[in-house]
Protein chains: 2
Amino acid sequence: MVRQADRSARTARASVWLADRTGKGRRNDQPSGLDRDRITAVAVRLLDAEGLAGFSMRRLAAELNVTAMSVYWYVDTKDDLLELALDAVHGELEPSAHAGPGTPSAGQGWRTDLRALAVAYRALLVRHPWVSPLTGSFLNIGPRAVAFSRRLREVMGETGLESHARRGAISSVFQFVYGFGTIEGHFIQRCAAAGVTQDEYFRDALGSIGEQPELAETFGEAAGLLPADGGDCVEDLRERDFAFALDVLIAGIEAQGAR
Amino acid sequence: MVRQADRSARTARASVWLADRTGKGRRNDQPSGLDRDRITAVAVRLLDAEGLAGFSMRRLAAELNVTAMSVYWYVDTKDDLLELALDAVHGELEPSAHAGPGTPSAGQGWRTDLRALAVAYRALLVRHPWVSPLTGSFLNIGPRAVAFSRRLREVMGETGLESHARRGAISSVFQFVYGFGTIEGHFIQRCAAAGVTQDEYFRDALGSIGEQPELAETFGEAAGLLPADGGDCVEDLRERDFAFALDVLIAGIEAQGAR
DNA sequence: ACCTGAACACCGTTCAAGT
DNA sequence: ACCTGAACACCGTTCAAGT
């Protein structure tokens, strides 16, 4: 008996993408309506709604109106399914996913393109806060993630930097966006869970620790959120921080000899 | 009866640090030798050894030669304990923690100091890979984390940039280091778990996906690890990427008007 | 080929009870 | 004040069995 998701392909396999290349994406003609794509799509919806900690194979099965173990016909482990979900949302980074008609995705010079990619990746991390921990713990070599990194490499090719410098430049920009989007996405999630606005949450947290003076002094600055000059709301400040940081990065890349 | 870890202080409390400020750090005179500090220290050791996924209150209690529920006298929840562990390892960022005698930690200009802080933070993330997901999901306002961010702010003050620009500069550097250290720490962890060197793991992964040409072409570059010019090992390449990215960031900060 | 039910070895946490 | 044991409501996953 050959299981559709065959776990004997490699021992200690590093990723779903390195195994069972046969017949897993077939048409959905099962009585239950089960399917790798459908399972993945529902998993994404559940992850968005409940978060990574709230996601379980049993909850997922219930959502699919199926027994917990049915899912295991299509995926070997929970981790494999998470990898599938992780790559699936990277499809949102494809140019066609968000650009309107007549919006060229390239050809305006690397600065514009790089900004666009950074903005899109940040949005992905904020839309799906569970993406960040999974990116940190899987290899993330699914087809859609790979397509994104190829586009990124193409854009950076326009700087004229040699390959070594290009790798460093890519790293500086995208590790930054990853870090930024991670913290931002989680903060937003926390506020939503507590049922308050970001400003309320922030003010509340600041107020609570006001008794410890040195904490109050540093806390906001540490998270990059302290409204030092009043007026602005948390979102505005964060927007300015992000824009400024991108300016820093682009100026830095120029200083390394980009044309 | 007032529990030592009193959970009634606030509902939906955002952090351990915003509650039970009374008598929790007392001397260890319990028969079992239990203690918040000792619990935290053993938790850190267990997290280092088994990873975040392998850590459980029951495993921890066993390590402490105590029943699972004893720990709950000292901490409210597993999350609270994780916050304590998270802040504890931030103590390794203190100047005294790693600098030898006669090694001034400041006063050589912000470029040198900023590099030192980035290097130390990266090392922390690599030494304790569980720090990254926790930083992403907690507020991280413990005293040691706060002390670190104050030092960072002080160093950036030397650039002469106004406060808004300073915030963006801090963000660009430390979100980058966070992203970089996260991926690096996890990759190292994976290799160790598989019992192979980083180069072996990398070569194996590349070989496995060689059948899918476009994957093989992009994969390494995406993770920032592909040895494009032979010769170098994975560690060397990563070291160069990190150094280059820091150069980019510092040049970018200078371009924004830092003195 | 696909799906189920019972079972195993775990979790975090509550609660009443011991000393 | 501190610690325990039993219990509750969960997990991921295996395995033998159904159709």
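Sequence lines set the chain letters: A, B, ... in the order given, protein chains first and strands last, and positions in each chain run from 1.
For A/Asp48 and A/Trp130, the side-chain atoms include at least one donor-acceptor pair closer than 3.5 Å.
For A/Arg58, taking side-chain heavy atoms from C-beta onward, the closest of the listed nucleotides D/dG12, D/dT13, C/dC11 is D/dG12. Between D/dC3, C/dC3, D/dT13, one nucleotide has an atom nearer to the side chain of B/Tyr74 than all others, and that is D/dC3. Considering only the side chain of B/Arg59, C/dC11 comes nearest among C/dT4, C/dC11, D/dG12.
Look at CG on A/Leu60: it is 15 Å from C1' on D/dT13, rounded to the nearest Å. Here the P atom of nucleotide D/dC10 and the CE atom of A/Met57 are 18 Å apart, to the nearest Å. Taking atom CG of B/Leu52 as the reference point, atom C1' of C/dG12 lies 14 Å away to the nearest angstrom.
A/Trp73 has no side-chain polar atom (N or O) that falls below the 4.0 Å cut-off from OP1 or OP2 of C/dC3. Not one side-chain nitrogen or oxygen of B/Tyr72 sits closer than 4.0 Å to the OP1 or OP2 atom of D/dT4.
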Side chains of residues 54-61 of chain A: which donor-acceptor partners sit under 3.5 Å, not counting sequence neighbours?
unit_1, atom_1, unit_2, atom_2, d
A/Ser56, OG, A/Arg58, N, 3.4
A/Ser56, OG, A/Arg59, N, 3.0
A/Arg59, NH2, A/Glu50, OE2, 2.7

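With the nearest nucleotide of DNA chain C identified for both A/Thr67 and B/Ala68, A/Thr67 has the one nearer the 5' end.
The salt bridge (Lys or Arg N to Asp or Glu O under 4.0 Å) analysis of residues 186-197 of chain A, with sequence neighbours excluded, yields no pairs.
Salt-bridge formation is not detected for the pair A/Glu94/A/Arg144: no Lys NZ or Arg NE/NH1/NH2 atom is positioned less than 4.0 Å from an Asp or Glu carboxylate oxygen.
Backbone-only contact: A/Ser56 has heavy atoms under 4.0 Å from sugar-phosphate atoms and none from a base. Within 4.0 Å of A/Met69, counting heavy atoms only, lies at least one base atom of the nucleic acid.
To the nearest 0.5 Å, the span separating CZ on A/Arg151 from CG on A/Leu93 amounts to 7.5 Å.
The closest side-chain heavy-atom distance from A/Phe180 to A/Arg238 is below 4.5 Å. Within the 4.5 Å cutoff, no side-chain heavy atoms of B/Leu139 are placed close to those of B/Trp17.
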For DNA chain D, the dot-bracket notation using Watson-Crick and G-U wobble pairs below 3.5 Å, [ ] for pseudoknot-type crossings and | for other-strand pairs, is ||.|||||...|||||.||
